[in-house]
Amino acid sequence: MTRTEDDGFVLTKESDAARYTLTRDGELLSVLDYRDDGRTVALTRAFTIPTHRGHGHAARVVQGAVEEIAAQGDRRVRPVCWYVADWFDAHPEHAGLLSQN
C-alpha cells in the first residue's frame, strides 16, 4: 500500500519490514513499526526523525496506518507504543478498532 496525499506526503506500508513510513520528496520523516498476528495489529513504535519532530508527522503516519487497518476490516489494533495509545485517546472515534485483550 502506498498513498500519496495532495500535499506531497507519501505513506507506505512496508510489509517486509513490518512498518509504515511517511516520506516527502523522498526524505524519510516518520516510521511506525507493527506486528500482525492475523487478528491483531500491535502498533509497537512510532518514531520521527529528530530534525522533523514537532510537525505532526507521527500523528499522520499513525492515522494513515489506522485508516488502512480499518479498511481491511479483519483486524483489531493493540496500541503498544505510548504515542499510539495517546493518539487513540485523542481520537475516540477510532476506539472501535481497539483490541479488547
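No hydrogens, no waters, no symmetry mates; every other heavy atom, side chains included, goes into these values.
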Using 0.5 Å steps for rounding, measure from the NE2 atom of H57 to the OG1 atom of T21. 13.0 Å
Could you tell me whether the side chains of H52 and E27 share a donor-acceptor contact shorter than 3.5 Å? yes
Is the closest basic N to carboxylate O distance between R3 and E68 below 4.0 Å? no
Between D33 and V31, the two heavy atoms sitting closest are OD1-CG1, 3.5 Å
Using 0.5 Å steps for rounding, measure from the OG1 atom of T4 to the CZ atom of R24. 12.0 Å
Are S30 and V61 packed together at the side-chain level, in the sense that at least one heavy-atom pair is separated by less than 4.5 angstrom? yes
Taking the side chain from R39 and the backbone from D74, do they hold a donor-acceptor pair closer than 3.5 Å? no
Go through it in stages, so that I can follow the logic: the residues are V77 and T40, the test is side-chain contact (heavy atoms from CB on, under 4.5 Å), and I'd like the CA-CA distance, side-chain angles, deciding distance and then a yes or no. CA-CA 6 Å; V77 173; T40 303; over 6 Å; no
pair I49-L29: side-chain heavy atoms closer than 4.5 Å: no
Heavy-atom nearest pair, Y83 first then A46, reads CD2-CB, 4.0 Å
Rounded at 0.5 Å granularity, tell me how far CG in L32 sits from CG in L11. 9.0 Å
Between L43 and V84, what is the shortest heavy-atom contact and its length? CD1-CG1, 3.8 Å
D7: partners by salt bridge (Lys or Arg N to Asp or Glu O under 4.0 Å), with sequence neighbours left out: R60
To the nearest 0.5 Å, what is the distance between OG1 (T12) and OH (Y20)? 11.0 Å
Can you tell me if CZ on R35 sees more than 12 non-hydrogen neighbours from other groups inside 6.0 Å? no
Can you tell me how far the CZ atom of R45 sits from the OH atom of Y34, to the nearest 0.5 Å? 14.0 Å
So, R53 side chain and T48 main chain: donor-acceptor pair closer than 3.5 Å or not? yes
Atom pair CE (M1) and CD1 (I69), whose distance is rounded to the nearest 0.5 Å: 9.0 Å
I would like to know whether L98 and F88 meet side-chain contact (heavy atoms from CB on, under 4.5 Å); could you show each step before the answer? CA-CA 9 Å; L98 294 172; F88 271 97; 3.7 Å; yes
Do F9 and V66 share a hydrophobic cluster, counting only Ile, Leu, Val, Met, Phe, Trp and Tyr and linking them when any side-chain heavy atoms are less than 4.5 Å apart? yes
